[in-house]
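In what follows, a structure is listed as structure tokens, so that the remarks can point back to it.
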Amino acid sequence: MPTEMDPRLNPNSIEPPLYSRWMEAGEFSVDPASVLEGGRDPFVIVIPPPNVTAVLHMGHGLNNTIQDVLIRWRRMQGKASLWAPGTDHAGIATQNVVERLIAKEGKTREDLGREAFVDRTWEFVRETGGAILDQLKAIGCTCDWDRTRFTLDPGLSRAVREVFVRLYQKGLIYRGEYIINWCPRCLTALSNEEAEGDEVEGRLYHLRYPLAPEMTDAAASAFDGVQAAAEAIGQLPDGRWYLTVSTTRPETMLGDTAVAVNPADDRYKSLIGGEVDLPLTGRRIPIIADEYVDREFGTGMVKVTPAHDPNDFEMAQRSGVPPLDVMTPEAVMSENAPEAFQGMDRFDARKAVVKAFQEEGLFGGEDPHTHNIPRCYRCDTVVEPRLSEQWFVKMKPLAEPALKASQDGTVTFVPDRWKKVYEHWMENIRDWCISRQLWWGHRIPVWYCQGCGETIVAREDPDSCRSCGSDDLQQDPDVLDTWFSSWLWPFSIFGWPENTEDLKAFYPGHVLSTAPEILFFWVARMIMAGYEFMGEAPFSTVYLHATVRDTKGRKMSKSLGNGIDPLEVVDQFGADALRFTVISAAAVGTDIQLNPDDLEASFAPGRNFANKVWNAGRFTLMTVGDDPIRPLSEVRDDLELSDRWILSRLSVTAESLTQELEKFRLHDVAEKAYHFFWGELADWYLELVKPRLREDADARSREAARTTLVLAFDGILRLLHPITPFVTEELWQKLPWPAGSPRPESLISAQWPVKDPALEDQEAEAQLGAVQDLITQVRSLRKEYGVPEGAEVDVVLTGAPTSFKNALASEDSSIRRLARVGSLTMESSLNEGGAGAHGVLRNGTELFLPLEGVIDLEKERVRLSEEIERLAGQLKGVRAKLQNENFVSRAPAEVVERERNKESNFQEQMTKLQEKLKVFQGP
RNA sequence: GGGCGCUUAGCUCAGUUGGUUUAGAGCGCCUGCCUUACAAGCAGGAGGUCACUGGUUCGAAUCCAGUAGCGCCCACCA
């Protein structure tokens with residue numbers, strides 16, 4: 001019963017029951033048969049699977065609200081709207097979590113052993129994993145939960161193996177020894193994308209390498225060449241010659257196996273082919289020539305550390321210099337390093353190496369140097385480039401169709417500037433390192449025969465070697481990069497490689513909404529996999545949403561502790577408030593800022609709006625009552641100007657919102673729905689219609705008003721439903737329905753409002769707009785002239801167009817009531833006499849409010865005079881200041897400027913007041 | 001170093017192909033209202049030389065060039 005409705009919306013009491021109701025009604029589940037046989041258009045979004053151990057943060061809150069808005073909207077349009085949910089096993093992240101867990105028991109994963117550790121992780125995932133999906137329900141997400149998938153599910157694992165084998169057989173997966181990004185804490189390889197740069201103010205150290213004694217002549221001539229330039233080449237006190245190389249990582253010099261110069265560098269031509277005595281190591285290493293060396297940088301001579309630097313590795317490959325790995329996986333100096341440094345952490349070794357150079361008189365100084373240091377995206381440890389054997393995917397062939405898809409518009413990006421970013425990456429794509437030295441993940445489906453050394457790549461675990469028959473097979477210990485399963489997500493979740501009904505009905509999907517950070521990690525690779533394995537892109541639109549930041553503009557993150565818990569927001573303000581706030585804050589292409597220290601300030605707009613909807617609903621239900629309303633066709637002739645106006649506005653708004661949704665301009669959807677609802681329906685229509693809804697009102701007028709109000713309210717509830725699903729459903733369920741026609745649908749989602757040309761009425765919009773203008777102006781003038789709240793004023797209009805006169809007649813009582821107008825009269829020319837207020841409407845009508853007898857003119861005269869006097873005083877002060885030459889010449893320019901502004905402002909106000917005073921003094 | 005983007009009210013931001021907006025909204029601020037849907041509200045109001053400089057145009061917040069500041073992405077010259 002409407003009368004029982006709370007004057008304030010209490011989201012916590014309505015949201016959970018509504019969600020259950022939707023679930024029970026099977027709202028979210030979509031049957032492939034409805035597409036394949038029923039002919040319904042599908043609309044498919046696959047969720048970016050959150051990490052299985054993740055807890056909901058505002059980034060999820062935003063992204064999943066966006067997806068839910070799109071899914072609900074398409075569902076209302078009658079599409080087979082499917083949102084497929086699931087979670088990602090998140091190799092490193094999850095393994096780290098479990099390792100930390102067992103660390104509390106004083107154990108390491110090695111203590112448990114691989115199998116037990118993996119079991120333990122599964123146990124952890126089964127118990128606590130996927131909680132984030134339940135959290136999504138709290139914000140109203142309507143995923144088809146029956147289809148929940150996990151990237152380590154048997155089905156998805158099968159897809160992973162299938163893909164690995166196919167790519168291997170095609171020659172697109174290979175194994176090789178390369179420099180990769182290595183995390184010495186996680187003890188695994190990282191892809192390029194997983195090593196994130198971090199600009200720091202570091203140091204560039206200059207190291208002197210003595211030249212071999214037989215190089216003396218060459219050194220001397222080179223010395224002449226550089227003309228003792230800087231420190232490039234020189235002589236030590238003991239007579240030996242040296243050359244200088246620079247590095248930001250001195251400890252790596254222990255692994256140097258060459259020094260390189262540019263072959264075209266005339267200065268050092270005589271040195272090429274020579275040797276230097278590498279300090280601290282007792283090793284003698286060659287001087288090689290390589291185009292890579294930049295003659296302009298530093299001395300133009302580079303130390304070459306093939307095992308610890310990707311560029312050095314490539315140079316070494318070209319010239320046949322061997323690599324020397326001087327670190328352990330933990331980035332501790334290994335037995336390949338000189339004894340004095342063995343066992344030292346890389347950063348301690350750095351200091352020790354510098355110190356040793358100083359002691360040997362070989363230190364050439366250091367300079368500040370800004371450069372990027374790559375860090376592990378999971379644990380923030382400084383990444384160590386490391387030589388190791390890994391599995392790679394050859395990306396160039398895969399990238400071709402994916403690049404073309406962007407270029408020809410098959411896949412579009414919102415906002416479209418990401419198109420360029422995507423294409424640039426695709427054009428410069430590098431091979432993907434897919435092996436990880438972890439235990440948690442898809443084991444690489446490769447076995448090595450211990451008998452004959454054969455490498456076996458297979459879909460099913462083999463029992464014995466194909467070539468020698470030995471059953472002594474050892475599986476590759478590594479697992480695959482997490483993204484190697486998630487790049488298959490849009491089709492693996494539907495049962496690929498089987499050609500299932502789901503796959504036929506729901507691939508390709510339509511929209512992919514995600515954070516820009518994972519454009520390369522995931523989105524680009526999904527598009528590549530889509531083409532490679534399904535022959536077409538997995539979706540047609542990529543929506544890259546805003547980044548959620550705090551008030552200082554910092555990205556919200558766990559480590560900064562500046563996050564907002566969406567569940568806390570739901571608890572305090574409701575899911576509708578959360579959703580409305582983030583959608584209206586997230587204009588395409590801009591970030592959103594929220595204040596983690598003041599949730600009230602951040603989410604009040606959404607909360608207030610939901611409450612406004614609630615109260616307008618409360619009013620509607622209370623005044624319309626329980627009696628059935630008449631269908632529009634029956635009251636059509638009784639519609640009044642304001643009725644025609646609001647119905648026209650509804651139709652226009654429905655059309656406009658639909659267009660904005662099609663363009664993914666969700667911010668504008670929220671803004672326009674807000675404006676229609678609050679600024680037009682609540683502020684104007686409800687106020688205009690109030691008297692007509694009273695029991696004692698004219699019956700025909702009342703029925704027209706009831707029908708119009710219910711229709712308009714029904715329409716805006718539906719339009720708002722994708723954004724604020726709960727409050728709209730709750731109210732819609734209570735709305736009365738036309739007599740004789742049973743409620744056609746049980747849930748609000750069954751229909752999306754569309755434009756109705758029969759309701760659009762430009763004349764009504766223009767005329768009611770003018771009525772609003774009049775009311776607003778009268779109110780404004782009343783305030784300006786201090787007309788007491790309760791007093792009525794008369795209004796005289798001149799030059800009103802005929803159509804406006806009709807509008808005035810039909811809304812006469814509204815105008816009197818809303819603007820407290822006594823008599824409203826029309827005159828052919830304005831009465832010049834008498835004290836009063838003047839105004840002009842936008843349609844050209846002039847208005848005059850006689851104020852004699854309404855306000856105390858004498859009092860107003862006195863008030864104005866006093867104000868003028870006060871202003872005159874201030875003006876005098878400012879002028880005196882400006883006439884003071886000392887002030888003008890000595891004060892800062894902006895202060896003088898400010899004073900001048902003050903002067904003109906005062907002058908302006910003065911003129912205004914004087915004119916007003918004239919009116920009150922009569923002719 | 002290369003690429004991209006941003007700079008509009010005290011704050012957070014809109015402003016969709018240059019022209020009906022007097023450059024808008026929310027929050028904040030000022031004034032008056034507990035008017036029987038809503039004080040999480042109503043009515044009215046103050047506040048902006050649209051970063052700067054120059055150009056194109058009948059007309060520029062909007063297009064072009066340059067300058068300054070900020071941010072992001074890519075590549076890593078050791």
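Below, chains carry the letters A, B, ... as their sequence lines are ordered, and counting in each starts from 1.
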- Message: Keeping A:D265 on the side-chain end and A:V261 on the backbone end, is there a donor-acceptor pair under 3.5 Å?
- Response: no
- Query: Side chain of A:R817, backbone of A:E687: donor and acceptor closer than 3.5 Å?
  - Reply: yes
Using atom [atom1] in both nucleotides, what's the gap between [N] and [M] to the nearest angstrom?
| N | M | atom1 | result |
| --- | --- | --- | --- |
| B:rG2 | B:rA75 | P | 16 Å |
| B:rC38 | B:rG45 | P | 25 Å |
| B:rA68 | B:rC52 | C1' | 7 Å |
| B:rU17 | B:rC63 | C1' | 12 Å |
| B:rU7 | B:rU12 | P | 13 Å |
| B:rA25 | B:rG44 | P | 12 Å |

Is there, by distance only and without an angle test, a donor paired with an acceptor across the side chain of [X] and the base of [N] below 3.5 Å?
| X | N | result |
| --- | --- | --- |
| A:K420 | B:rC4 | no |
| A:E600 | B:rA40 | no |
| A:R779 | B:rA43 | no |
| A:K612 | B:rA40 | no |

Among [options], which nucleotide has an atom closest to any side-chain atom of [X]?
| X | options | answer |
| --- | --- | --- |
| A:K690 | B:rA37, B:rA43, B:rG15 | B:rA37 |
| A:R842 | B:rG41, B:rU22, B:rA43 | B:rU22 |
| A:M622 | B:rA40, B:rA37, B:rC42 | B:rA37 |

- Letter per nucleotide, 5' to 3', of nucleotides 70-78 of chain B [B base touched, S only sugar-phosphate touched, - untouched; heavy atoms, 4.0 Å]: ---SSBBBB
- 5′-ward residue of the pair A:R820/A:E789 relative to RNA chain B: A:E789
- Fill in the dot-bracket string of RNA chain B, one character per base: . for unpaired, | for a pair to another strand, ( ) or [ ] for pairs within the strand, taking Watson-Crick or G-U pairs under 3.5 Å. (((((((..((((.....[....)))).(((((.......))))).....(((((..]....))))))))))))....
